[in-house]
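Throughout, protein chains are lettered first and strands after them, A, B, ... in sequence-line order, and every chain is numbered starting at 1. In this text, all values refer to a predicted model and were calculated from it rather than measured experimentally.
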Amino acid sequence: MTEKKKTTIVLFSGDYDKAMAAYIIANGAAAYDHEVTIFHTFWGLNALRKDETIQVKKSFMEKMFGKMMPRGAEKMGLSKMNFAGFGPKMIKDVMKKHNALPLSNLIEMAQEQDVKLVACTMTMDLLGLKEEELLDKIDYAGVAAYLADAENGNVNLFI
Amino acid sequence: MTEKKKTTIVLFSGDYDKAMAAYIIANGAAAYDHEVTIFHTFWGLNALRKDETIQVKKSFMEKMFGKMMPRGAEKMGLSKMNFAGFGPKMIKDVMKKHNALPLSNLIEMAQEQDVKLVACTMTMDLLGLKEEELLDKIDYAGVAAYLADAENGNVNLFI
Amino acid sequence: MTEKKKTTIVLFSGDYDKAMAAYIIANGAAAYDHEVTIFHTFWGLNALRKDETIQVKKSFMEKMFGKMMPRGAEKMGLSKMNFAGFGPKMIKDVMKKHNALPLSNLIEMAQEQDVKLVACTMTMDLLGLKEEELLDKIDYAGVAAYLADAENGNVNLFI
C-alpha cells in the first residue's frame, strides 16, 4: 500500500504558453500516476472561462474586467512574441503541423485523467467571475485548500 | 515533538499582483503554522523599499536604478493589464470594495506572523540598494541561506 | 551512505534576468552538493543556443522562429526595464563593475559543476531547433524525464 506521489501547480499566469506548460506537466504527472491539482488564481482563471458570453448580473467594474480578460483558453496571448495577437496564431499553426494538442484539448485531457482543476474563489470574487462562466466539473477553493494539498506535494510549482 | 512544515518563496518579480500572490500564500502558510521565508531577489526587492526617499551615497548608475524602480509595494505595476498605471488603481479599487488587503498591509501582516523576510544581498549590491532604504526588521542573506531553508522545505515556490 | 539532495529547475522563461536567477540557484545548489537539473523548455531553450548561425535545413516557419528568437544567452532581454535593449547593457555594465558573472559564464560554470542541462525535445520540435544549434554536452529529454527527476527533488522550481 504505497502512497501516491502528488503534484500541485498554481497557475497564476494568463499566458497561453505558460498555461500550456502547466497542463503538459500536469498531464504528464497524471499519466505517471501522480495525484495532480492545478489551482487557478488571478489571470490563470481565464483558462477556465467558457468561450461564450454567459448572462450574469455584474457590477460595472466586473463587466469591464469580464470584457478585457480573454474568454477561455484559446483566446489567451503569449508571454513572448505575442505580436498583437499574431504570435498565438503562429504557434497554433506550428502545433497543428506537429500534431500537438491546443490548450483547450490539454484541459479536456486533464479532466479525463482526473486532474483536479480548482478555481480560486478569492480571485473570482475580486474579478467578478461567476461559476456559470467557468467550465463544468471545476472545484472551488481558497488558499487554505491549496496549502493542504501542497504541503504533502512532491512537485509544487508556481507558473 | 513534530517538526514544523516549511514554506519558502523566492520573490523575483516586481509585479504588484505576483507579490500579492506571494504574500497571500505566505500568510496562509504562516496561519497554518508553517515556518515561512520569502527571499526577495532582483525586482522583488522593490516590495521591501520604504516609500520615502532616503539620503544615501550612490554612484550615478545606482541613482538611476533607484529612480526607475518603484519605491515600495504600493508603487508596483501589474503583470497584466497595467494600462500605463491605471490597472493597479482599478485592482486596488476593486480590492477595497471587497475588503481585500493591499500589498503593504499583507507585508505588515506577514511580519506580525513572523514570516522571515529576506533581502538578497547580491541584488542589493548590484542595484545599489542600501539597508536604510528597506523596511525595518528585514534579514539580509544570499543564495546559500535560501538553499539551506529550501532544501528542507515542503512547499518551495519561485514567483 | 546518505543520498544526495536534489534540485530541479524548469527554465521556461527567455528573459536574461530570470535565466540568471535560475543559474545562480543551480550553481549554488551544486556547490552545496545537490544533484541539479535545469530543464530548458519553451523560450528557456534560447539560453542554450550557440551564438553563431548554424546551417541546418529548416521549414519557412522554423527559419522565422530561429531569426526572431535570441541566439544564445547574451542576446536575451530583461523581464523588466528592457528599454528596447538598453536594459541588458546597463545591467551587464553594473554586473561587470561588481565582478558578477554574465549568464554565459554562469552556464559554463554549471557545466563544470555537472549540473545536468536538458533541452526539451518537444519544444525543439515545435520551434524547429536542431541539436547542432545548441551548446555541446546538453541532454535531450521530454516531460517524463523531468518528472522522474522532480518527483524525488527537494527543491523544485519553475522559472
Task: Minimal non-hydrogen separation, C:Val94 against B:Leu126, with atom names - done: CG1-O, 2.9 Å
Task: Sorted by number, residues from residues 42-53 of chain B in contact with chain C (heavy atoms, under 4.5 Å) - done: B:Phe42, B:Trp43
- [ ] State, to 0.1 Å, how close B:Asn152 and C:Lys5 come at their nearest heavy-atom pair, and which atoms those are.
- [x] OD1-NZ, 3.1 Å
Open item on the list: Does any part of the side chain of B:Glu151, heavy atoms only, come nearer than 4.5 Å to the side chain of C:Thr7, both counted from C-beta?
Closed with: no
Open item on the list: Within this structure, what is the NZ-CE distance for the pair C:Lys97 and B:Met61, rounded to the nearest 0.5 Å?
Closed with: 8.0 Å
Open item on the list: So for B:Ser59, is it side chain, backbone, both, or neither that comes closer than 4.5 Å to the heavy atoms of chain C?
Closed with: side chain
Task: Pairing residues for B:Thr37 by the side chain to side chain contact (heavy atoms under 4.5 Å, CB included) criterion, not counting sequence neighbours - done: B:Lys116, B:Val118, B:Asp149
Can you give me every donor-acceptor pair (side chain of residues 132-147 of chain C, partner residue at least two apart or in another chain, under 3.5 Å) with its distance?
{"residue": "C:Glu133", "atom": "OE1", "partner": "C:Lys58", "partner atom": "NZ", "Å": "3.1"}
{"residue": "C:Glu133", "atom": "OE2", "partner": "C:Lys58", "partner atom": "NZ", "Å": "3.0"}
{"residue": "C:Glu133", "atom": "OE2", "partner": "C:Lys130", "partner atom": "N", "Å": "2.8"}

- [ ] Quick one: do C:Lys80 and B:Met69 satisfy side-chain contact (heavy atoms from CB on, under 4.5 Å)? Show the steps, please.
- [x] CA-CA 10 Å; C:Lys80 287 269 152 191; B:Met69 295 186 307; over 6 Å; no
Open item on the list: For a 4.5 angstrom cut-off between non-hydrogen side-chain atoms, does B:Met122 reach C:His98?
Closed with: no
TODO: With B:Phe158 as reference, evaluate C:Leu157, C:Asn156, C:Ile9, C:Val10 under the side chain to side chain contact (heavy atoms under 4.5 Å, CB included) test and give the passing residue.
DONE: C:Leu157
Open item on the list: Does anything in residues 16-30 of chain B reach chain C? List residues with heavy atoms under 4.5 Å apart, or say none.
Closed with: B:Lys18
